[in-house]
Amino acid sequence: MKKLTKKEIIIIAIAGAMLLAVGLFLFFWFNREKDYRLLKVCEVDGQGSVSREGTGNLDPYVNMQLESGDRISLDTGVLNIQADEDKYIYLEEHTELLLTATGNSKNSRTKIELVKGGITNDIRNKLSQDSTYEVNTPNSTMSVRGTVFYVCVYEEDGVEYTKVSVFNGSVTTKLVYEDGTESDEEVTVESGKEVLIYHDEKTTDYVTEPQDIAYEELSEDVLHVLDKLADDNRDLSITKDEITKLLEGPFTVTFMYDGKEFGHQIVKKGQLAEEPSLAPEPEGEWEFDFDTPIEKDTEITWKSK
């Protein structure tokens, strides 16, 4: 066997060291803790914008990479956001929010400041012990660990409202007062329940304790999201058939007289009910505007003179 020269030995040693270094680099690269958050627009079709500090307003597009601190708004159409691999935020029309996302894939902190409008949140996996997902509105804050829920903010007669509807899992809510402090009491909203919070010139409080969700009052934006999740076999507090009925109808219009059913009609979604040709009394009227399209099961009562 040929004896290696000193130069050959040095070359082999250097090559071995380089191979070892490359192996260690690849090992640590593939086993590293991801130090980034995936934030992107995963669906958009309509009019919206992304406002970024130092950049200005940008037009959103599919697979657009978002940054922590972006202010996202949707005027019309559809805009959905993906955070990491398992969190989705579906915006209603006329919605504006501020998105803050820090940490990494194993230790994530997601905070949404909902300025106006409504969002449906879908967190598909339970958060790790060190991760948080928080939605704040002007009068409340809520935290979750894994759930499907809807939050909307609106104003009516000078009163600010926050509605929280939970379709899977549970959401913990706390009041936020005008000075920015939070209440000590926590109210948990379970699946199939919703809670309404108000803020006026005097106080911030719950309108009632958690009640059954009024599904017929949900917007079509929310119902379409729930329909999509039902197709993905998500465990929701409303069934696929119930969602389809709310989206497509037909609906039952029931005419009530003296506490009893006088008659009923089956009406397609968006169509008009017809005033009965027979009246229960010679004097009186049905308390309903028959030019109003039917969008849900409706009860119409006779008012005697």
Side-chain angles (χ1 to χ4, degrees), residues 68-73 81 83 87-92 94-103 107-123 125-215 217-219 222 225 236-238:
S68 180
D70 281 350
R71 183 177 294 269
I72 301 127
S73 63
I81 299 170
K87 305 174 187 69
Y88 296 87
I89 306 162
Y90 303 88
L91 280 69
E92 273 189 316
H94 312 299
T95 291
E96 181 180 341
L97 62 85
L98 179 66
L99 178 62
T100 304
T102 58
N107 181 13
S108 64
R109 294 175 178 82
T110 306
K111 182 169 69 173
I112 300 168
E113 302 285 348
L114 184 58
V115 179
K116 66 177 182 178
I119 56 174
T120 302
N121 305 265
D122 178 19
I123 306 171
N125 297 314
K126 186 176 181 180
L127 299 179
S128 68
Q129 190 64 35
D130 296 325
S131 297
T132 60
Y133 190 99
E134 181 180 305
V135 179
N136 297 327
T137 72
N139 60 18
S140 61
T141 181
M142 55 221 69
S143 57
V144 300
R145 302 211 65 78
T147 186
V148 178
F149 68 106
Y150 168 70
V151 183
C152 72
V153 294
Y154 62 95
E155 184 175 318
E156 195 172 273
D157 298 328
V159 180
E160 295 178 340
Y161 291 95
T162 294
K163 178 181 283 189
V164 184
S165 307
V166 181
F167 309 108
N168 173 275
S170 63
V171 173
T172 300
T173 66
K174 295 178 72 172
L175 301 176
V176 175
Y177 300 111
E178 193 167 3
D179 62 1
T181 60
E182 297 180 4
S183 64
D184 294 328
E185 178 188 11
E186 293 183 343
V187 173
T188 299
V189 186
E190 302 290 349
S191 179
K193 301 290 184 179
E194 64 185 4
V195 72
L196 187 62
I197 300 165
Y198 77 94
H199 168 72
D200 58 21
E201 295 179 352
K202 297 180 180 180
T203 187
T204 299
D205 206 349
Y206 295 93
V207 174
T208 64
E209 62 185 15
Q211 306 285 322
D212 291 342
I213 295 175
Y215 294 103
E217 296 180 3
L218 295 173
S219 70
V222 178
V225 172
L236 303 174
S237 59
I238 181 173

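As a basis for the values below, the full set of heavy atoms in this structure was taken, side chains included, without hydrogen atoms, waters or symmetry mates. Each residue takes its place number in the sequence, starting with 1.
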Contacts under 3.5 angstrom, residues 109-118 side chains, donor-acceptor by atom type, not counting sequence neighbours:
{"from": "R109", "atom 1": "NH1", "to": "N107", "atom 2": "OD1", "distance (Å)": "3.3"}
{"from": "T110", "atom 1": "OG1", "to": "R37", "atom 2": "NH2", "distance (Å)": "2.8"}
{"from": "E113", "atom 1": "OE2", "to": "N136", "atom 2": "ND2", "distance (Å)": "3.1"}

Close side-chain approach of [X] to [Y], heavy-atom, < 4.5 Å:
X: E182; Y: T141; answer: yes
X: F149; Y: D122; answer: no
X: L175; Y: D205; answer: yes
X: Y88; Y: V225; answer: no
X: I119; Y: Y90; answer: no
X: M142; Y: E186; answer: no
X: T120; Y: V222; answer: yes
X: V153; Y: P138; answer: yes

Inter-residue atom distance [X].[atom1] - [Y].[atom2], 0.5 Å rounding:
X: Y198; Y: D200; atom1: OH; atom2: CG; answer: 5.5 Å
X: E178; Y: K202; atom1: CD; atom2: NZ; answer: 14.0 Å
X: T204; Y: Y177; atom1: OG1; atom2: OH; answer: 7.5 Å
X: I123; Y: S131; atom1: CD1; atom2: OG; answer: 10.5 Å

(message) Restricting to non-hydrogen atoms, name the atom on E194 and the atom on A214 that form the minimum distance, rounded to 0.1 Å.
(response)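 Minimum heavy-atom contact is OE2-N, 3.1 Å.
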(message) How close do S191 and S237 get, counting heavy atoms only, and between which atoms?
(response)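 Where S191 meets S237 most closely, the heavy atoms are OG-CB, 3.5 Å.
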(request) Inspect the contact between D212 and K193 and indicate whether a charged nitrogen and a carboxylate oxygen are less than 4.0 angstrom apart. (result)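 Yes, K193 and D212 are salt-bridged.
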(message) Could you check whether R71 pairs with E96 (Lys NZ or Arg NE/NH1/NH2 to Asp/Glu carboxylate O, under 4.0 Å)?
(response)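 Salt bridge between R71 and E96, a charged N being under 4.0 Å from a carboxylate O: yes.
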Does the [X] side chain pair with the main chain of [Y], one donor and one acceptor, at a distance under 3.5 Å?
X: T173; Y: V187; result: yes
X: S183; Y: K174; result: no
X: S170; Y: E190; result: no
X: T100; Y: G69; result: no
X: R145; Y: S128; result: yes
X: D70; Y: I72; result: no
X: S140; Y: T137; result: no

(request) Take E92 and Y150 through the side chain to side chain donor-acceptor pair (under 3.5 Å) test and state the conclusion after the steps. (result) CA-CA 10 Å; E92 273 189 316; Y150 168 70; 2.9 Å; yes
(message) Show, in sequence, the C-alpha distance, side-chain angles and deciding distance for T162 and Y154, and conclude whether the side chain to side chain donor-acceptor pair (under 3.5 Å) test is met.
(response) CA-CA 7 Å; T162 294; Y154 62 95; over 6 Å; no
(request) Determine, step by step, whether V135 and V151 satisfy the side-chain contact (heavy atoms from CB on, under 4.5 Å) criterion, reporting the C-alpha distance in whole Å, the side-chain angles of both residues, the deciding distance to 0.1 Å, and the verdict. (result) CA-CA 8 Å; V135 179; V151 183; 4.3 Å; yes
(request) Please list, chain by chain and in numerical order, all residues satisfying salt bridge (Lys or Arg N to Asp or Glu O under 4.0 Å) with K126, sequence neighbours excluded. (result)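 Residues passing salt bridge (Lys or Arg N to Asp or Glu O under 4.0 Å) with K126: none at all.
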(request) Give a yes-or-no answer on whether the side chains of N121 and Y133 include a donor-acceptor pair shorter than 3.5 Å. (result)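 N121 vs Y133: donor-acceptor pair found between side chains.
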(message) Using a 6.0 Å cut-off, check whether atom CG of D157 has over 12 heavy atoms from anything other than its own residue.
(response)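 Incorrect, the count does not exceed 12.
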(request) For the pair Y161 and E155, evaluate side-chain contact (heavy atoms from CB on, under 4.5 Å) and give the outcome as yes or no after the intermediate values. (result) CA-CA 6 Å; Y161 291 95; E155 184 175 318; over 6 Å; no
